[in-house]
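Just so you know, residue 1 is the first one in the sequence shown, and it goes up from there. None of the values given here were measured: they were computed from a predicted structure.
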Amino acid sequence: MDGHQEVHLLNIAVAPDQQGLGMARELLDTLAARCVQQQAEALWLEVRPSNTRARALYERLGFEAVGLRKHYYPAPEGREDAIVMRLTLPALHAGGADALE
């Protein structure tokens, strides 16, 4: 890959009865590792401001809020904004990829 290679995560979901068991973190860690293998430089996603559990997880994994999409999601009382978040990925080095922590 050349240039600025980016990945955009559109959806991730864990069944309510399986939440809190580390599944979302495992999925995101696996995705980030695959992105690094493919030499992507960043992983992007949007999240509802009201989804505090997901936002907290993304922040723990190193995502940073970099923007806001107004009226992005449908909501019961109109529309809800989306927080745009980015994870900057480690570069590949000769001999292997950096470990994701």
Side-chain angles (χ1 to χ4, degrees):
M1 291 182 166
D2 280 347
H4 299 288
Q5 302 299 328
E6 301 174 334
V7 176
H8 190 150
L9 176 60
L10 297 178
N11 285 305
I12 185 170
V14 174
D17 64 335
Q18 298 296 306
Q19 291 177 2
L21 301 176
M23 292 180 151
R25 181 183 179 107
E26 187 174 332
L27 288 168
L28 289 164
D29 284 345
T30 299
L31 174 60
R34 293 290 305 266
C35 291
V36 169
Q37 289 173 348
Q38 295 299 312
Q39 300 180 350
E41 296 175 1
L43 174 56
W44 295 83
L45 58 80
E46 289 91 12
V47 62
R48 292 175 186 263
S50 63
N51 192 344
T52 55
R53 285 184 74 181
R55 288 177 46 211
L57 172 62
Y58 300 146
E59 289 169 2
R60 281 195 308 274
L61 294 176
F63 283 84
E64 60 181 332
V66 295
L68 188 70
R69 296 188 197 280
K70 292 292 212 178
H71 313 293
Y72 187 76
Y73 292 109
E77 302 199 11
R79 307 286 297 178
E80 185 174 1
D81 296 342
I83 299 170
V84 179
M85 301 187 83
R86 176 186 65 215
L87 176 65
T88 302
L89 298 167
L92 276 179
H93 296 287
D98 290 342
L100 294 174
E101 297 292 326

Task: Taking every non-hydrogen atom, the tightest pair across I83 and A65 - done: CG2-CB, 3.8 Å
Task: CD on E80 to OH on Y73, rounded to 0.5 Å - done: 8.5 Å
Task: Approximate separation, where rounding is to 0.5 Å, of L68 CG and E46 CD - done: 10.5 Å
Task: Closest approach of R48 to R55 (non-hydrogen atoms, all atoms of both residues) - done: O-CD, 3.5 Å
Task: Over all atoms of both residues, closest heavy-atom pair of R79 and H71 - done: NE-O, 3.1 Å
TODO: Can you measure from CG (L45) to OH (Y58) and round to the nearest 0.5 angstrom?
DONE: 5.0 Å
TODO: Could you check L28 against I12 for side chain to side chain contact (heavy atoms under 4.5 Å, CB included), going step by step and ending with a plain yes or no?
DONE: CA-CA 9 Å; L28 289 164; I12 185 170; 3.8 Å; yes
TODO: Measure the shortest side-chain to side-chain distance between V14 and M23 over non-hydrogen atoms and say whether it is less than 4.5 angstrom.
DONE: yes
Task: Gap between atom NE2 of H8 and atom CG of L43 - 0.5 Å precision - done: 9.0 Å
Task: Gap between atom CG of L57 and atom OG1 of T52 - 0.5 Å precision - done: 11.5 Å
TODO: Could you walk me through whether D81 and Y72 pass side chain to side chain contact (heavy atoms under 4.5 Å, CB included), step by step?
DONE: CA-CA 5 Å; D81 296 342; Y72 187 76; 5.9 Å; no
- [ ] Please list, chain by chain and in numerical order, all residues satisfying side-chain contact (heavy atoms from CB on, under 4.5 Å) with E64, sequence neighbours excluded.
- [x] V66, R86, T88
- [ ] Show your working on side chain to side chain contact (heavy atoms under 4.5 Å, CB included) between Q19 and R53 and close with a plain yes or no.
- [x] CA-CA 10 Å; Q19 291 177 2; R53 285 184 74 181; 3.5 Å; yes
- [ ] Of all the heavy-atom pairs spanning V7 and A40, show the shortest one and how long it is.
- [x] CG2-CB, 3.9 Å
Open item on the list: To the closest 0.5 Å, what do you measure between SG (C35) and CH2 (W44)?
Closed with: 13.5 Å
Task: Test item: L61 and L87 side chains (from C-beta on) under 4.5 Å apart, heavy atoms - done: no
